[in-house]
Amino acid sequence: MIADVVVDLQYGDCGKGKVSHYLCKTNDYTHVIRYNGGCNAGHTIYHEGKKFVTHHIPCGVFFGVKSVIGSGCVVNVKQFLSEIEELESNGIKTKDLVKIASNTHVITDFHMAQDGQDEIIGTTKRGNGPAYRDKYARKGMRAVDIPELEDYVIDLYSELHDNPSFDEVKILFEGAQGFGLDIDWGDYPYVTSSHCTVAGALLNGVPHTAIRDVWGVAKVYETYVGSKLFEGTDPVFATIREVGEEFGATTGRPRQVNWLDFDLLNMAVNVNGVNRLVFNKTDVLETVGRWNLYSGINMFEFTSGLDMQYWIEEQFKDKDIDIVFSGHKDRI
Ligand code: IMP
Ligand code: MG
């Protein structure tokens, strides 16, 4: 068994969808598995020139690869079924490809209503926190209990460990949210309710020895959506928001913008054991013409994108990490 994992090193919205899409295109995976989160996530994917925003369904469907919502996720049945319909109506085949692990918990209308009242940390109001709360309180409902999901439910263990039709299982794990929102490593309580690191992927039934590459995805600046004050005072951040189209894919909320926090990024690289590192949206800073980052108590100002890239590469020179800087929506 081989597994590549895509993790977000900041606060979500760094372009995991794009990286997963690229990896699917260039590898022969047998499965793509979403390993955490629910429909709080919004993955923007450009496939054959068309824009898709998915919340639950992993990007394997675009390539005819089995796409599984893993046991570390929570799933909203209505949202899931409407996503299936939307993909089908856009010509993307989902039959026998999209599956849900039987032990995945479901987000109920009650969870949605409860989350809808939460203004404190500024959730996406998609019932995520209440669904995980009930899972851990041992009073949740699982996919296997829901008749409408009957055609989609699989036993993830037999799928991955006993399936004679796979010579070799080759998995792409697609994460949601990011390190800065992780329930344990993020800025608690301004966090989501799931595990957004490579450890979260391992909770979905694969041994640690299967892990091949860990793709860490970041942006060359940062964005965050939620209640805490995150944006700096420099008016350039409003420009970055416009140029970078930094508005939530799920809620449409404007994302708060700030410079890259190198220390957070480095911590995320270390915790996840990242060996492939992608920095997205270099084109945005090129357009804006400013390249800053924070490290320790300092803010570094660079005179060009290349200068900033060189500084970042220097910091990682003793680690075995392939670094890519990308300035394209649909390729890395
Ligand atoms: P929840 O996950 O809806 O409970 O929201 C908790 C925090 O995570 C809030 O600050 C949300 O804005 C943020 N969040 C949740 N999902 C995403 C995502 O996919 N991208 C960016 N932020 C997210
Ligand atoms: Mg997103």
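Counting starts at 1 for both ligands and their atoms, following the listed order. Just so you know, these numbers use all the heavy atoms, side chains as well, and skip hydrogens, waters and symmetry mates.
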Report yes or no: does a heavy atom of [X] sit under 4.0 Å from some atom of ligand 1?
X	value
H43	no
Y11	yes
G122	yes

Is ligand 1 under 4.0 Å from a heavy atom in the side chain of [X], in the backbone, in both, or in neither?
X	answer
L181	side chain
T250	neither
N128	side chain
R253	side chain

Could you walk me through whether Y152 and F80 satisfy the ring pair (Phe, Tyr, Trp, His ring centres under 6.0 Å) test, starting with their C-alpha distance in whole Å, then the side-chain angles of each, then the deciding distance to 0.1 Å, before giving a yes or no? CA-CA 11 Å; Y152 301 98; F80 168 77; 5.0 Å; yes
Is N280 reaching over with its side chain to a backbone N or O of C14, donor-acceptor style, under 3.5 angstrom? yes
Does T124 offer a backbone N or O that forms a donor-acceptor pair with the side chain of R126 under 3.5 Å? yes
With no hydrogens and no angle check, just 3.5 Å: does a side-chain donor-acceptor pair link R133 and Q114? yes
If you measure from CG on D134 to CE on M141, what distance do you get to the nearest 0.5 Å? 9.5 Å
Which value, rounded to the nearest 0.5 Å, describes the distance between L149 atom CG and K99 atom NZ? 11.0 Å
Min N/O separation [X] to ligand 1 under 3.5 Å:
X	value
V225	yes
Q177	yes
D115	no
N40	yes
D13	yes

By number and element, which atoms of ligand 1 are closer than 4.0 Å to a non-hydrogen atom of G226? 10 (O)
Sub-4.0 Å atoms of ligand 1 with respect to non-hydrogen atoms of V191: 6 (C), 7 (C)
If you measure from atom 19 (O) of ligand 1 to every heavy atom of G38, S193, A41, G175, which option wins on shortest distance? A41
Out of T192, T124, T251, whose heavy atom sits nearest atom 3 (O) of ligand 1? T124
Basic-acidic side-chain contact under 4.0 Å: E246, R255: yes
Output field: ring centroids Y190/Y11 closer than 6.0 Å: no
Ring geometry between H21 and H47 (parallel below 30°, tilted from 30 to 60°, perpendicular above 60°): perpendicular
